[in-house]
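Below, read A as the first sequence line, B as the second, and so on, with proteins coming before strands; counting in each chain starts at 1.
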There are 2 protein chains.
Amino acid sequence: MRSPYGLQIIENCATCPHKEDRLFCNLAPAALQRLTEITGSATYPKGATLFVEGQPARGVFILCSGHVKLSTSASDGKTLILRISEPGDLLGLPATISGRAYEVTADVIEPTQANFISRTDFLNFLRDHGEAAVRVAQELSETYQSAFAEMRTIGLSHSAGEKLARFILDWGANHKSENGSVKFKLTLTHEEIAQMIGASRETVTRVFADFKKKNLLQIKGSSVTIKSQSGLERLVQGS
Amino acid sequence: MRSPYGLQIIENCATCPHKEDRLFCNLAPAALQRLTEITGSATYPKGATLFVEGQPARGVFILCSGHVKLSTSASDGKTLILRISEPGDLLGLPATISGRAYEVTADVIEPTQANFISRTDFLNFLRDHGEAAVRVAQELSETYQSAFAEMRTIGLSHSAGEKLARFILDWGANHKSENGSVKFKLTLTHEEIAQMIGASRETVTRVFADFKKKNLLQIKGSSVTIKSQSGLERLVQGS
DNA sequence: ACGTAATCGTGACCTGGGTCACGGAATTGC
DNA sequence: GCAATTCCGTGACCCAGGTCACGATTACGT
């Protein structure tokens, strides 16, 4: 079965590749059963928007495949990208739980399949299954702590070079490729990277050029190779 | 009964003035009973530290009275103050739930009474009382969303003036005093304010002077009066 | 009250990086 | 495979605000 966007559909959670390592795995069978009953699945093309910052929370999305960009933007149009979500992530959790508005905007950046659970269904489910509620609290705590780490690197304003180095190291760690050497595809535009580290597009270009000149990185098209992990790490720690 | 620091001690949660509006109020009596069993109380002098960023989480603190400063700091010594906690707040919740290290440092800035619940006791309590777990998830979500709002104002770097204006409006909103006009005590040093908005001490001084000159504020010692709410609000919204 | 330490006020200076303005390279769409 | 768009690279300019330096004030301990 294929979606309109050439996306392989994952039939249900039992066969989902993220079954093992994610939030609601080893719950009691009854809980799992209930969960599948209240879950609806859908696919989205690149460019679709799951929800928008400020919109009242409708419910949570569980990312099955594809990538989604979470961002927030100021009145003057400036945008800050907070995270690129991976399959297995829950989107819109804090807003759904607290009942406030979504605090970020979620844009699909590549064809994506996601499950949806409405707010009321989800809250009832949690109330009936304490174990799941604790799991959710844990997930929230972790989200909080990473958002927080993010915030530190932006807030305690390091230089643009430091922030970019940190970003590359993080990205490399999550997108390790095969052969041992740290080489990966960086599918974001300079503009997007700029928005992730809180800098301008031009600065990103310049710092990349600088890193290349200093032999910290090698860049060919969208593929990046880290030539000197230690060099980047040295940049990250203050001074 | 008085503590060594001249602090009025609150005997137990039943008589606590925050009983009504806080996290674990209208729980089932059994849950409340269990909660008091696992809660220990203590008082702390100004300057004491409840926990330090990076330390493994021991448990949560419930602030009964006094104020606690939550901050994080970078290797180069720069500090970012995230929040001044008020009585009724839970401190160290995300770290305690997730089992990771405390993500902030909590320093007592005025004599304080706080209750403590150890991590294992707390987790067991949550598992046994699903309703409380949902409550905790809500609290986490809200903490997350405010931290997040904080992050936006710092990250989408507005000018120092904008950030200070926003800070003053927020502070004023939470510390409204009597007579209708917005006048309040600002018990923080310029240094601390600087750390809250991510600026240097001198800049804070200068912007304050500027606001005073523009008749937005009136400052006498540590008491601040907002002369033109609308003027400040105009500064806040971009451009 | 008095000395010490912490805070505040202000000027001079300097720089990181934002902004503007292009032209060239690379994708994308038809 | 050609046009249109989007992205990348780079120079010129500039300014908000960080840093340093130092003196004036205020708060605090004993």
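Aromatic rings from B:Phe61 and B:Phe51 are positioned such that their centres are separated by under 6.0 Å.
One distance of note links CG of B:Leu50 with CG of B:Asp107; it measures 8.0 Å at 0.5 Å rounding. Between the CD atom in A:Glu191 and the CZ atom in A:Arg201 there is a gap of 7.5 Å [rounded to 0.5 Å]. Here B:Arg166 contributes atom CZ and B:Ile197 contributes atom CD1; the two are 11.0 Å apart, rounded to the nearest 0.5 Å. Note that CD1 of A:Ile219 and NZ of A:Lys212 are 5.0 Å apart. Values are rounded to the nearest 0.5 Å. Within the model, atoms CD of A:Glu192 and CG of A:Leu186 stand 9.5 Å from one another, a figure rounded to the nearest 0.5 Å.
The listed nucleotides are D:dA12, C:dG17, C:dT10; the one nearest the side chain of B:Arg206 is C:dT10. Nearest nucleotide to the side chain of A:Thr205, out of D:dC8, C:dG18, C:dC8: D:dC8. Side-chain proximity of B:Lys78 to C:dC8, C:dG18, D:dT19: nearest is D:dT19.
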Please write out each protein N/O paired with an N/O of nucleotides 13-16 of chain C under 3.5 Å, distance rounded to 0.1 Å.
none

Just the atom pairs and distances: protein N or O near nucleotides 21-28 of chain C's N or O, under 3.5 Å.
none

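Under the 4.0 Å criterion applied to side-chain N and carboxylate O atoms, A:Asp210 and A:Lys214 are assigned as salt-bridge partners.
Between B:Ser141 and A:Pro94, the shortest heavy-atom contact is CB-O, 3.3 Å.
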